[in-house]
Amino acid sequence: MSTRTRRGRRLAAAAGLALALAIPLSPAGNAAAAESLSVNLASVTGPATGVGEGFLYGVSQDGTQPSDQYLEPLGINAFRGGGHVSGGWIGDGYVNGSGTQADVNTIIAQAKRLTQPPYHAQYQVLLSDIFGADAGQPSNTVYPCASGNCSNWVTFLDTVIPELQATGLKFAYEIWNEPELSIFWGPGVNTTQYFQMWDTAYQQIRRLAPGATIVGPSFAFTPQQNSGEWTTWLAHVKSAGTAPDMISNHNEGDGDDPVTVAQAIDSDLTAAGLPRIPLSSNEYQPADRQTAGVTAWYLARFAQSGYTNAMRGNWQCCLTPNLTGVLTQVNGSWVPNGNWWAMRDYADMTGSLVSTSGEVGSTAISAAEDSTAKRSVAIIGDSNGYTGPVSVTYTGLGSVPWLANNGSVNVTVDRIPDQYPLSSPQVVYDQNVSTSSGSITVPVTFQAAHDAFAIYLTPAGGSSGGGFPSGYHRLVISSDGLCLDVFGNTTASGAAIDQWTCNGQSNQQFQFVPVSGGYGELQAQNSGDDVAVAGNSTAQGTPDVVQEPVSGASGSLWKPAQQSDGSWQFQNQNSGLCLDIYGTGANLGQQLDQWPCKNAPGTNQDFTPN
């Protein structure tokens, strides 16, 4: 493994990168590239489950930050924390004191938010962090089961676990973090003391929380890096009957490929006489490789790995609400950077995974198709700073008639530069493309060493606007039941587009007029003007949506996308952001803004035509 740095190291933000150029598309066989990737839409390999959309810490102590606008679009499915407010049990003198309670209260506050709708994350409780063994403990720390005496360890477990269980929230319990590193576990891994600590914890968790998932060993090193520690540990837990419900490890070394690591762990389980156990990579991505391109590479590999979940390591630990660094602070507010957008586009990989070429050179791709959402999404990243051309050949389009509309498909390519902050990906291509024998080839160019890309295939745009109903409609906002409205029923250019009580007037009637590539105009019936972002702005969170005369400007073009409940969101062509009710409030007359797309039903970005 590469040299590791304890949690808390702060990374310097990367400099902004150059803008991408538009790229041409061609039928299969007409493009040449240095690296060739492939996607076979006719070969489904399993469900897309968003492995990698998890975090080690990165949420505020009270669980309220970051805001839903940055969490909900990611579909977070795993979180790992242990309070980390103080010195924990050790700091309290090995009794239940204020530090321990602060940690427990923090866990409860975070879990109340992250494990309940609209979220569904598995919350892995870091018992060793609550104990205080978080790399900041004193040199004279008395570790559990010293000289065979486990009584204080039992008291700790009997104190903390019942309090967490009493909340009715669902927790998974991780026994000890990175025990082979002396900064976390001084006595040494796979020693008699370690196994006494492990077995005691296993037995107490089973007694106190019989249905809870037990997680471990959370080794820092993979089987390829230290096979001996893995085989020794597996032999013990097999013999003692203390194998966890979920095998956890960290993929934070250069070259830790989730696909090959998962295969190695599965092989070791078989060799130890254990059945296959679900895997959790509860820390991933090295401190010195926190870029959009590497993030996308990990996500692409995790999608194909067999891991159940995976959580980004935190090198800016721990209660700073930056989601392990995927958010950047600007003027006191947290906003997305390129890493966030890689995770955001990856969250659109829903439905079923399909066969891809995996990794070619150091460039990886994964893809999914979703007949309900009527799209196929692929994520592309590189682990080694590649620059230059890559071709992505799609085959099997004939097997997805809901996607390939009369021999053509809309292709949108998002370039995600490694920028801090990044308001939205750069849409470097968005056009309808004809297929050739059920195939197309999409050339992509890595303009800079840490680029990431997402490719969206959707039905080719036509007179129906990608399925949006023709004619004038009221657009009812899902989050508050109000209607999209031209403020004051005026025909004046520049009038605010707001929300108001639904009344049936013509200033609340809008039609979608397709233009090209799935984008079109939202025209108000009373004025004939377009719903537009004033000044073609790309700023997010500014109430600046107005009506303007039809001009064809990209700031007045919107792409409708239907949600699972039948509502629609509208993505602006110029900014890549979505039409949004500012502040998520229900205030009458509130002018609309644009905000990162949430791609979920029931939000302040969803409009139902009626």
Side-chain angles (χ1 to χ4, degrees), residues 67-75 118 336 341 344-351 370 372-377 410 412 414 423-425 427 430 454 456-459 461 464-469 473-485 497-499 510-515 517-523 530-533 538 540-541 543-545 554-586 590-610:
S67 68
D68 288 337
Q69 291 155 321
Y70 297 129
L71 266 177
E72 196 169 338
L74 301 184
W341 281 105
R344 171 63 196 85
D345 279 5
Y346 177 66
D348 283 342
M349 266 181 50
T350 55
D370 189 333
T372 301
K374 291 184 170 55
R375 69 187 178 202
S376 171
V377 180
N410 180 263
T412 302
D414 281 355
S423 61
S424 66
V427 179
D430 190 347
Y456 289 76
L457 303 189
T458 55
S464 65
F468 192 84
H473 303 273
R474 292 192 308 180
L475 296 178
V476 182
I477 301 157
S478 295
S479 61
D480 58 23
L482 301 177
C483 273
L484 194 68
D485 177 274
I497 299 297
D498 70 330
Q499 61 177 357
F510 297 85
Q511 69 169 341
F512 180 78
V513 181
V515 175
Y519 287 94
E521 300 159 346
L522 270 178
Q523 292 182 351
D530 283 349
V531 175
V533 180
T538 59
Q540 62 185 43
D544 58 358
V545 177
S554 59
S556 65
L557 298 179
W558 306 87
K559 175 182 281 188
Q562 192 168 25
Q563 307 298 334
S564 59
D565 63 353
S567 63
W568 297 77
Q569 72 175 19
F570 294 91
Q571 185 178 35
N572 189 261
Q573 185 182 51
N574 185 52
S575 65
L577 304 175
C578 272
L579 193 64
D580 179 273
I581 309 303
Y582 178 77
T584 71
Q590 176 60 62
Q591 187 174 9
L592 273 68
D593 69 333
Q594 56 182 347
W595 194 260
C597 299
K598 297 179 178 178
N599 296 300
T603 77
N604 64 321
Q605 294 184 348
D606 298 315
F607 303 83
T608 300
N610 64 22

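All values reported here derive from a predicted model rather than from experimental measurement. No hydrogens, no waters, no symmetry mates; every other heavy atom, side chains included, goes into these values.
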Write down the atom of [X], the atom of [Y], and the distance for their closest heavy-atom approach.
X	Y	answer
Lys559	Thr412	NZ-OG1, 3.3 Å
Ser423	Trp341	O-CZ2, 3.0 Å
Gln563	Ala600	OE1-N, 3.4 Å
Gly585	Gln499	O-NE2, 3.1 Å
Trp595	Gln69	NE1-CB, 2.8 Å
Ser567	Ser478	CB-OG, 3.8 Å

- Message: Has Gln605 got a side-chain atom pairing as donor or acceptor with Asp580's backbone, closer than 3.5 angstrom?
- Response: no

- Message: Main chain of Leu482, side chain of Asp480: is a donor-acceptor contact present, judged purely on distance under 3.5 Å?
- Response: yes

Taking C-beta and beyond as the side chain, do [X] and [Y] meet within less than 4.5 Å on heavy atoms?
X	Y	answer
Asp530	Leu522	no
Cys597	Leu577	no
Val427	Asp414	yes

- Using the side-chain contact (heavy atoms from CB on, under 4.5 Å) rule, take Val545 and Val531 through it: C-alpha gap first, then chi angles, then the decisive distance, then the call. CA-CA 7 Å; Val545 177; Val531 175; 3.6 Å; yes

From [atom1] ([X]) to [atom2] ([Y]), nearest 0.5 Å:
X	Y	atom1	atom2	answer
Leu457	Lys374	CG	NZ	15.0 Å
Thr372	Gln562	OG1	CD	10.5 Å
Gln540	Asn572	CD	CG	13.0 Å
Phe570	Leu484	CZ	CG	8.5 Å
Cys483	His473	SG	NE2	13.0 Å
Ile497	Leu579	CD1	CG	8.5 Å

- Show your reasoning for whether side-chain contact (heavy atoms from CB on, under 4.5 Å) applies to Val533 and Asn574. CA-CA 9 Å; Val533 180; Asn574 185 52; over 6 Å; no

- Should Lys598 and Asn604 be marked as a side-chain contact (heavy atoms from CB on, under 4.5 Å) after you check the CA-CA gap, both sets of side-chain angles, and the distance that decides it? CA-CA 9 Å; Lys598 297 179 178 178; Asn604 64 321; 2.6 Å; yes

- Message: Taking side-chain contact (heavy atoms from CB on, under 4.5 Å) as the definition, give me every residue that meets it alongside Thr350, ordered by chain and number, with sequence neighbours left out.
- Response: Asp370, Arg375

- Query: Under 6.0 Å from the OH atom of Tyr70, do we count more than 12 heavy atoms belonging to anything else shown?
  - Reply: yes

- With sequence neighbours left out, what residues match Asp498 under salt bridge (charged side-chain N to carboxylate O under 4.0 Å, His left out)? none

- Option among Trp558, Phe468, Phe510 that satisfies the ring pair (Phe, Tyr, Trp, His ring centres under 6.0 Å) test with Trp568: Phe468

- Message: Checking Ile477 against Asp606 for the side-chain contact (heavy atoms from CB on, under 4.5 Å) test, could you report, in this order, the C-alpha distance in whole Å, the side-chain angles of both residues, the deciding distance, and whether it holds?
- Response: CA-CA 6 Å; Ile477 301 157; Asp606 298 315; over 6 Å; no

